[in-house]
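The shown structure was predicted, so the numbers you read here are calculated from the model rather than taken from an experiment. Order of the sequence lines fixes the chain letters, A, B, ..., with proteins taken first and strands second; residue numbering starts at 1 for each chain.
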4 protein chains.
Amino acid sequence: MPAKRRRAEKAAPVQPPAPALPGSISPKPASSRAARAAERRQAIIEAALDEFIARGYAATRLDDVASRAGVAKGTIYLHFADKETLFQELVRTALVPLIGRLAAPPPPGGSVRAALENFAQTFAREVVSTRRGDILRLIVAEGARFPSVADFYYREVVSRGLAGMRALIELGIASGEIRNEGLAQFPQIVVSPVIVAVIWQGLFARHAPLDASEMFRVHLDLIFGERRAA
Amino acid sequence: MPAKRRRAEKAAPVQPPAPALPGSISPKPASSRAARAAERRQAIIEAALDEFIARGYAATRLDDVASRAGVAKGTIYLHFADKETLFQELVRTALVPLIGRLAAPPPPGGSVRAALENFAQTFAREVVSTRRGDILRLIVAEGARFPSVADFYYREVVSRGLAGMRALIELGIASGEIRNEGLAQFPQIVVSPVIVAVIWQGLFARHAPLDASEMFRVHLDLIFGERRAA
Amino acid sequence: MPAKRRRAEKAAPVQPPAPALPGSISPKPASSRAARAAERRQAIIEAALDEFIARGYAATRLDDVASRAGVAKGTIYLHFADKETLFQELVRTALVPLIGRLAAPPPPGGSVRAALENFAQTFAREVVSTRRGDILRLIVAEGARFPSVADFYYREVVSRGLAGMRALIELGIASGEIRNEGLAQFPQIVVSPVIVAVIWQGLFARHAPLDASEMFRVHLDLIFGERRAA
Amino acid sequence: MPAKRRRAEKAAPVQPPAPALPGSISPKPASSRAARAAERRQAIIEAALDEFIARGYAATRLDDVASRAGVAKGTIYLHFADKETLFQELVRTALVPLIGRLAAPPPPGGSVRAALENFAQTFAREVVSTRRGDILRLIVAEGARFPSVADFYYREVVSRGLAGMRALIELGIASGEIRNEGLAQFPQIVVSPVIVAVIWQGLFARHAPLDASEMFRVHLDLIFGERRAA
DNA sequence: GATGAATGAGGGTTCATTCAT
DNA sequence: GATGAATGAACCCTCATTCAT
């Protein structure tokens with residue numbers, strides 16, 4: 001329970017560290033210097049992400065990151081200026097896939113509800129109980145202490161995501177699917193059960209599992225003014 | 001060779017620590033021993049709360065807590081067994097006022113919407129941008145690392161709050177105010193914009209201020225199937 | 001096992017602390033101020049002796065001494081200037097009874113062997129496995145660090161004891177009981193099994209109990225040139 | 001208000017710490033990594049031994065050990081898990097040479113007395129007033145607080161030493177050199193002047209120097225029933 | 001480039017000592 | 001006189017960072 005350890009108790013690695021890269025006979029024997037470097041960098045990022053998620057920024061030890069990544073401690077400093085930079089770059093890197101997905105599918109001709117339904121279920125499946133959710137929680141937990149992280153997240157994820165959501169809402173209002181016009185001002189409302197599900201998963205899943213997928217459906221019913229058949 | 005230490009992005013004191021107590025002798029010569037002790041304990045809790053909120057658990061130094069509280073470092077240990085205990089007791093203490101408020105007034109004869117409206121506005125006023133919101137964010141940020149804190153919070157706040165909310169929702173369904181019956185299964189939906197507002201306030205207020213009060217209103221419109229006149 | 005504790009684990013009191021003095025109804029209701037003070041002083045000394053024996057000088061906490069003595073921590077300082085003074089005075093005090101006994105029974109008309117036999121059995125009975133032995137071990141353990149303690153011990157116990165022993169040896173030589181004349185130069189030889197027994201008791205009794213009484217007898221046989229019947 | 005700290009009676013460094021390694025670069029550029037590490041480890045052990053001997057376990061500061069060893073504080077932790085482990089490993093290490101010597105030469109064809117004479121003089125010369133004697137005193141002083149140390153010492157030194165001594169005594173009894181048959185039961189008797197000499201050296205040498213060598217001789221006279229010619 | 005031993009500034013915790021009550 | 005809350009100097013141990021190999 002203590003976020004800061006004492007001694008070399010090791011507190012049991014969060015997850016078994018990735019098997020040490022096979023070493024001499026590497027999976028990409030043809031890889032160039034640069035490619036090897038990029039691989040190492042990526043391994044460090046993965047490892048650091050795991051550790052930061054499990055322990056938070058301050059309680060994470062670069063020693064653990066290094067051994068999880070299968071590199072020496074000094075190697076981290078060949079790729080990142082210091083712990084803070086590692087954290088910030090890692091958040092950026094980790095966010096890229098999320099960003100891609102968010103700017104994604106505006107409803108071609110289909111209904112807005114279908115688009116949101118799709119969005120919600122994707123989220124329920126691919127974020128709430130996955131590594132992506134962990135990243136979200138990490139940002140929520142540490143963002144206040146790392147303005148640059150919060151800034152980046154706001155700029156790259158939040159503002160874009162909300163803009164996309166707003167566009168969708170306006171589409172829905174225009175098409176009559178959505179009756180509440182105020183919603184366009186607060187796209188956050190549409191997303192909020194998603195956020196709550198992510199947080200719930202991190203803090204309370206042990207006590208009371210939450211059927212995120214179903215919750216999202218009820219919420220969409222609210223937005224689209226329908227009552228589920230079930 | 002020397003290791004340069006840096007903590008998060010901000011090294012400066014979060015707020016100027018309380019000015020050293022001014023009186024040359026004792027500030028409250030009339031208070032009893034026990035009263036003085038209770039005062040000191042409270043001062044420590046206040047100071048620790050500030051520091052934990054500002055830096056997170058692991059990055060908070062008890063040295064800072066002590067000087068902010070105007071006591072010596074050793075004094076903290078007269079009141080709390082260690083840093084972790086301080087943190088946990090502090091969360092408990094800080095939550096008590098919130099708890100009282102939550103078990104609060106079910107709608108006497110008034111409408112459910114009025115009750116929720118009241119709840120939401122109270123929250124917007126007294127939590128989102130206040131110390132209470134900070135505490136919530138602190139729990140969200142550290143809860144995963146402190147199961148006992150998450151447990152306590154779930155037991156004393158979340159489960160009670162949701163039960164109360166569910167009761168209200170069922171009342172609303174019974175009275176016809178609320179049409180979506182699924183809502184009773186997911187009281188979280190009703191609360192989620194509140195959570196989002198609190199988080200937003202902590203991370204993004206700088207970039208885009210959020211009118212929480214107004215957002216809550218729109219959300220209630222959704223729930224009660226109305227569109228505000230305004 | 002650690003000689004220095006961590007936390008308030010208390011490491012289990014060495015022996016159950018003496019029952020708190022009955023307080024209001026004291027065993028000596030007529031005792032004067034001064035008598036009460038002397039009692040307290042004595043209680044502190046007893047308690048401190050227990051603790052110093054159990055943990056050594058440096059690892060003993062005055063807190064423990066105070067609670068074992070049933071007084072407040074500050075009270076110790078009314079009787080002793082500081083921890084070191086307490087230790088030194090305590091050794092002096094604890095040694096007084098021993099000293100009396102040592103200057104004791106020169107053989108009136110009886111044989112020297114009888115006198116030594118008596119000395120040895122008294123030692124075996126009243127020192128080796130008792131509190132007095134603990135005190136000896138304490139001095140052996142800490143003496144090097146406290147010259148004044150070693151000085152005092154040498155002056156009051158060792159030199160006197162050896163002088164007495166030498167006188168006895170010379171008596172034995174004169175009477176023909178002891179044949180080895182060199183012994184008078186090294187009375188330590190006569191005493192050495194006693195010292196070894198005390199140390200053995202403290203360190204190795206667990207592994208191999210030592211019949212000190214029997215060992216002393218064999219040693220006397222050596223000195224008096226006899227062979228035991230058994 | 002301020003607490004004044006004093007340690008035992010001597011605050012000054014026990015001996016001037018080893019002069020900072022002189023060479024501007026590295027003192028032994030040719031030595032391998034592993035060799036350097038072993039050297040450092042050894043330096044730490046030496047330094048720690050000095051400090052533990054001089055101050056006892058609890059009063060020894062790892063800071064002092066580090067600077068005496070010419071390393072940084074953290075370096076100690078690269079070689080030893082903590083202070084207690086350092087202490088225990090150091091005792092083990094320090095004992096190894098003694099052990100070798102003890103299992104040593106039973107009398108080939110020579111007399112038992114010659115063997116014991118040799119043992120005693122070797123002890124007088126190489127232990128009583130040397131570092132080895134300091135180690136013995138350290139064990140006597142701290143053994144009670146460190147069962148594992150006492151155990152190790154008993155197992156590796158005491159029981160072996162006594163077994164060897166008993167064998168020698170039995171040889172002497174068989175050959176008629178030793179008349180007292182009870183001695184075989186208590187080899188401790190033969191060794192006890194040695195122990196006393198070591199302790200005397202540590203505590204009372206200042207007051208009254210002891211000619212250990214001569215004392216041992218007298219004691220052997222006792223055992224072998226002779227009176228020295230001299 | 002990669003390594004990991006070495007560094008040393010901290011930070012949590014302890015405890016001898018003081019002093020207002 | 002007696003108390004015990006308060007103090008703050010130490011001390012053990014950790015870990016980000018450096019740099020010789």
Side-chain angles (χ1 to χ4, degrees), chain A residues 2 4-8 33 36-37 40 58-64 66-67 71-79 81-84 86, chain B residues 1-7 25-26 29 32-34 36-37 40 58-64 66 71-79 81-84 86, chain C residues 2 4-8 33 36-37 40 59-64 66-67 71-79 81-84 86, chain D residues 1-7 25-26 29 32-34 36-37 40 58-64 66 71-79 81-84:
Chain A
K4 184 153 193 178
R5 256 128 337 121
R6 160 170 326 292
R7 292 295 161 89
R33 272 276 182 85
R36 300 292 306 275
R40 279 167 181 279
T60 289
R61 287 176 290 146
L62 292 191
D63 245 335
D64 289 345
S67 65
V71 302
K73 213 174 355 161
T75 304
I76 294 175
Y77 287 84
L78 297 175
H79 295 276
D82 56 18
K83 187 182 180 184
E84 193 175 338
L86 166 61
Chain B
M1 273 155 215
K4 197 161 63 175
R5 213 21 111 68
R6 233 176 316 156
R7 54 183 44 261
I25 313 288
S26 90
S32 71
R33 268 275 184 87
R36 299 292 310 275
R40 275 166 184 279
T60 289
R61 285 167 299 176
L62 293 189
D63 249 340
D64 289 345
V71 302
K73 216 173 357 158
T75 303
I76 294 174
Y77 289 86
L78 296 177
H79 295 276
D82 57 17
K83 188 183 181 184
E84 193 176 341
L86 167 60
Chain C
K4 185 153 192 178
R5 255 125 343 116
R6 163 172 321 296
R7 290 295 163 87
R33 271 277 180 86
R36 301 293 307 276
R40 277 166 183 280
T60 289
R61 288 176 288 145
L62 293 190
D63 245 335
D64 288 345
S67 65
V71 303
K73 211 167 6 154
T75 304
I76 294 175
Y77 287 86
L78 297 177
H79 294 276
D82 56 17
K83 187 184 180 184
E84 193 176 338
L86 166 61
Chain D
M1 272 152 218
K4 196 161 62 173
R5 217 17 118 68
R6 234 174 318 155
R7 52 181 46 258
I25 313 288
S26 91
S32 70
R33 267 275 184 87
R36 300 291 311 274
R40 275 166 183 279
T60 289
R61 286 167 299 176
L62 293 190
D63 249 340
D64 289 344
V71 303
K73 217 182 342 170
T75 304
I76 294 175
Y77 291 87
L78 295 177
H79 295 276
D82 56 17
K83 188 185 180 182
E84 193 176 341

To the nearest Å, how far apart are [X] [atom1] and [N] [atom2]?
X     : N      : atom1 : atom2 : value
A:L78 : F:dT17 : CG    : P     : 14 Å
D:R36 : E:dG4  : CZ    : P     : 18 Å
B:D63 : E:dA9  : CG    : C1'   : 13 Å
D:R61 : F:dC12 : CZ    : C1'   : 13 Å
C:K83 : E:dT17 : NZ    : P     : 8 Å

Choose from E:dA2, E:dT7, E:dG12 the nucleotide whose nearest atom is closest to any side-chain atom of A:H79. E:dA2
Nucleotide of E:dA16, E:dG11, E:dT7 approaching C:Y77 most closely (side-chain heavy atoms): E:dA16
All salt bridge (charged side-chain N to carboxylate O under 4.0 Å, His left out) counterparts of C:K73, not counting sequence neighbours: C:D63
Counting only distance, no hydrogens or angles, is the base of F:dT7 paired donor-acceptor with the side chain of B:K73 under 3.5 Å? no
Let me know, please, whether A:L62 or B:I76 comes out on the 5' side of the other along DNA chain F by nearest nucleotide. B:I76
Please tell me if C:R40 has a side-chain N or O lying less than 4.0 Å from either OP1 or OP2 of F:dA2. yes
Given Watson-Crick or G-U pairs with both distances under 3.5 Å, what dot-bracket string fits DNA chain E, with | for other-strand pairs and [ ] for crossing? .||||||||||||||||||||
